[in-house]
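Heads up: the structure comes next, in structure tokens.
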Amino acid sequence: MSDTDILISGGQPLAPPEDSNIISLEDFAGHNSAEVLRVDGDTELAEIVPHLEKAKTIIVKFPAFTDGRGFSLGRILRQRAGFKGELIAEGPLIPDQYAYAIQCGYSAVKLDSILYERHSESHWFKALSAFGLTYQRGYAVHSGPATSILDARKTGFRDAETQDDPFHGLSAEMALKKACEAYEGQIVLASSLGVDSVVLLHMVSKIDPNLPVIFLDTGKHFRETLAYRDLLIEDLGLTNFQNIRPDPNELQSEDPTGDLHKSAPDSCCDLRKVRPLDKVIRTFSARITGRKRYQTPQRANMKMLETGGDQIKVNPLAYWSAKDVTDYIRRHDLPPHPMLALGYLSIGCQPCTTRVAAGEDPRAGRWRHSDKTECGIHFIDGKWEQVPTKKSYEVF
Ligand code: SF4
């Protein structure tokens with residue numbers, strides 16, 4: 001960074017630490033009076049821990065606007081290592097990311113003054129209180145969200161479709177607890193590690209941290225998603241997290257170059273998602289989903305407990321609105337997905353996910369340049385089926 005850098009703290013531009021006082025990780029131990037440590041965003045916590053007592057300030061470098069690994073490192077430094085000094089995110093960040101950095105425990109961001117001036121001073125200041133709006137922007141929903149869980153429940157009591165739902169009227173946590181008890185040893189949470197997955201993962205961690213959680217590790221995820229996975233496993237204390245991966249022999253014979261997603265995305269999803277998930281999910285008789293009534297017209301009457309078909313579905317968040325998700329994440333101080341601050345509102349495999357512009361449907365960023373709208377994973381009449389052309393969010 002140049003000597004025209006700006007430090008933004010409390011929404012205000014300030015002078016950053018002198019460059020000559022900022023010492024790299026390699027040299028820090030050799031400088032007796034050094035107090036300002038600079039590390040890369042992908043540095044392992046174990047490499048920083050020996051210097052935490054001496055470092056009064058830690059500057060974490062973000063090499064690019066699109067590299068969100070430093071967010072996770074900030075959170076880990078605060079929550080896991082208990083770092084209490086000044087924590088500065090350095091790099092080409094924008095106001096939304098400033099807000100996100102604050103959420104992750106940063107005290108300030110340091111950036112080039114030219115970048116700073118591309119946004120008005122009020123942008124940086126407003127960003128401090130705008131995180132909730134940024135997060136909720138991800139929910140440009142089809143039928144409009146319920147305004148709150150209570151409103152949704154009130155509406156639900158007049159809904160004939162819910163009369164035979166044994167879980168109707170229970171809170172999400174209570175429904176989940178009852179399901180975990182009723183189907184002990186046979187129930188699984190399939191998590192996409194998307195923007196609101198942390199809610200159910202947090203609830204599961206409180207009820208039974210050893211409950212099986214499965215994640216489709218397609219081999220094509222953003223590195224931020226994988227870092228987010230590792231962060232949540234550790235922070236929430238999940239002890240039975242399973243990464244489901246494609247069969248290596250099938251990968252070798254059907255996608256040896258890793259480019260199948262370019263020529264035949266449906267086949268790629270079948271190879272990397274449908275088949276691996278199908279093998280594992282069938283070994284459980286009940287499955288927890290994060291599906292919500294407001295998301296699609298097909299889900300408008302969805303029950304919290306669905307017992308038809310081969311597999312029982314537990315939908316603890318059936319009555320939740322987007323606001324309920326945001327409120328829960330804030331109330332429990334849970335880390336949002338790092339890609340959210342980069343403008344990714346629906347997050348899947350890296351080659352098939354792009355940023356979403358303000359006002360776009362959150363899923364507009366998935367398979368943007370093709371007709372494809374689905375990963376092919378659906379549960380229909382008790383069977384997992386591939387339905388490449390039908391728009392649905394049946395699993396996650
Ligand atoms: S989302 Fe893209 S990369 Fe991922 S499995 Fe489907 S086609 Fe392949």
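Please read these numbers as outputs of a predicted model, since none were measured by experiment. The chain is numbered in sequence order, starting from 1.
- L176 contributes atom CG, which lies 13.0 Å from atom NZ of K206 (distance to the nearest 0.5 angstrom).
- The pair D278-R275 does not meet the salt-bridge criterion, since no charged nitrogen lies less than 4.0 angstrom from a carboxylate oxygen.
- Contact record, I22 with K110: CD1-CE, 4.3 Å, taken as the closest heavy-atom pair.
- Between the side chain of S205 and the backbone N or O of G237 there is no donor-acceptor pair closer than 3.5 Å.
- Hydrophobic clustering places M174 together with I187 (ILVMFWY residues linked when any side-chain heavy atoms are closer than 4.5 Å, directly or through intermediates).
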Tell me, with the steps shown, if N243 and R245 meet side-chain contact (heavy atoms from CB on, under 4.5 Å). CA-CA 6 Å; N243 293 290; R245 299 193 169 97; 3.7 Å; yes
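- Across L238, V204, V213, a single residue satisfies side-chain contact (heavy atoms from CB on, under 4.5 Å) together with S191, and that is V213.
- The shortest non-hydrogen separation linking V60 to G70 is CG1-CA, 4.0 Å.
- K220 meets the salt bridge (charged side-chain N to carboxylate O under 4.0 Å, His left out) test with no other residue; sequence neighbours excluded.
- Between atom CD of residue E86 and atom OG1 of residue T57 there is a gap of 4.5 Å, rounded to the nearest 0.5 Å.
- Nearest heavy atom pair, residue T307 against residue I312, reads CA-CG1, 4.3 Å.
- Without hydrogens or angle criteria, D259 side chain to K262 main chain gives no donor-acceptor distance under 3.5 Å.
- In the hydrophobic cluster analysis, where Ile, Leu, Val, Met, Phe, Trp and Tyr join through side-chain heavy atoms closer than 4.5 angstrom, I207 is grouped together with V199.
- Listed for the Q311 side chain is a donor-acceptor partner under 3.5 Å among the backbone atoms of F284.
- Residues that satisfy the ring pair (Phe, Tyr, Trp, His ring centres under 6.0 Å) test with F28, not counting sequence neighbours, are H51.
- In this structure, CD on Q79 lies 11.0 Å from CG on L77, to the nearest 0.5 angstrom.
- No side-chain N or O of S321 forms a donor-acceptor pair with one of R293 less than 3.5 Å apart.
- When all heavy atoms of G105 and L87 are compared, the closest pair comes out as O-CD2, 3.7 Å.
- Panel note: side chain T225, backbone H221; no donor-acceptor pair is recorded below 3.5 Å.
- Between P212 and Q242, the closest side-chain pair of non-hydrogen atoms falls below 4.5 Å.
- Comment: D27 does not engage R38 in a salt bridge, judged by the lack of any side-chain N to carboxylate O separation of less than 4.0 angstrom.
- Rounded to the nearest 0.5 Å, atoms CG (L232) and CG (L236) are 5.5 Å apart.
- If you take CG on N315 and CZ on R287, they are separated by 8.0 Å, rounding to the nearest 0.5 Å.
- Using a 4.5 Å heavy-atom threshold, the side chains of Y319 and H168 count as touching.
- The salt bridge (charged side-chain N to carboxylate O under 4.0 Å, His left out) contacts involving residues 47-57 comprise nothing, where partners must be two or more places apart or lie in separate chains.
- Side-chain contact between L7 and V109: absent, with no pair of heavy atoms (C-beta onward) separated by less than 4.5 Å.
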Show your working on side-chain contact (heavy atoms from CB on, under 4.5 Å) between T326 and D196 and close with a plain yes or no. CA-CA 8 Å; T326 308; D196 54 7; over 6 Å; no
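- Counting heavy atoms from C-beta outward, L271 and L260 have side chains that approach closer than 4.5 Å.
- Looking only at atom types and distance, the side chain of E26 has a donor-acceptor partner in the side chain of S24 under 3.5 Å away.
- Contact between M304 and P316 at its shortest, heavy atoms only, is CE-O, 3.5 Å.
- Looking at S72, its side chain never comes within 3.5 Å of a backbone N or O of Y228 through a donor-acceptor pair.
- For residues 173-188, the side chain to side chain donor-acceptor pair (under 3.5 Å) pairs, not counting sequence neighbours, are K177-E181, Q186-S285.
- Going from atom CZ of F215 over to atom CG of L193 covers 5.0 Å, rounded to the nearest 0.5 Å.
- Partners of D208 under the salt bridge (charged side-chain N to carboxylate O under 4.0 Å, His left out) rule, at least two apart in sequence or in another chain, do not exist in this structure.
- Looking at R272 and D255, a side-chain N of the basic residue comes within less than 4.0 Å of a carboxylate O on the acidic one, giving a salt bridge.
- Take H202 and apply the ring pair (Phe, Tyr, Trp, His ring centres under 6.0 Å) test, not counting sequence neighbours, and it matches Y328, H332.
- With contacts defined as side-chain heavy-atom distances shorter than 4.5 Å, the pair L189/T289 does not qualify.
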Worked check of side-chain contact (heavy atoms from CB on, under 4.5 Å) between K273 and T218: CA-CA 7 Å; K273 291 182 172 178; T218 62; 3.8 Å; yes
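- Under the 4.5 Å side-chain criterion, counting only non-hydrogen atoms from C-beta, D235 is in contact with R80.
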Can you list the steps and then say if D5 with L111 is a side-chain contact (heavy atoms from CB on, under 4.5 Å)? CA-CA 5 Å; D5 283 354; L111 74 167; over 6 Å; no
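- The two residues G85 and R78 have their closest heavy-atom pair at O-NH1, 2.8 Å.
- Taking the six-membered ring wherever Trp is involved, the centroid distance between the rings of Y106 and F71 does not fall below 6.0 Å.
- Between I76 and L231, some side-chain heavy-atom pair lies under the 4.5 Å cut-off.
- Remark: R229 engages D217 in a salt bridge, criterion side-chain N to carboxylate O under 4.0 Å.
- For the pair S197 (side chain) and G194 (backbone), a donor-acceptor distance under 3.5 Å is present.
- Side-chain atoms of L73 and I48, non-hydrogen and from C-beta on, do get closer than 4.5 Å to each other.
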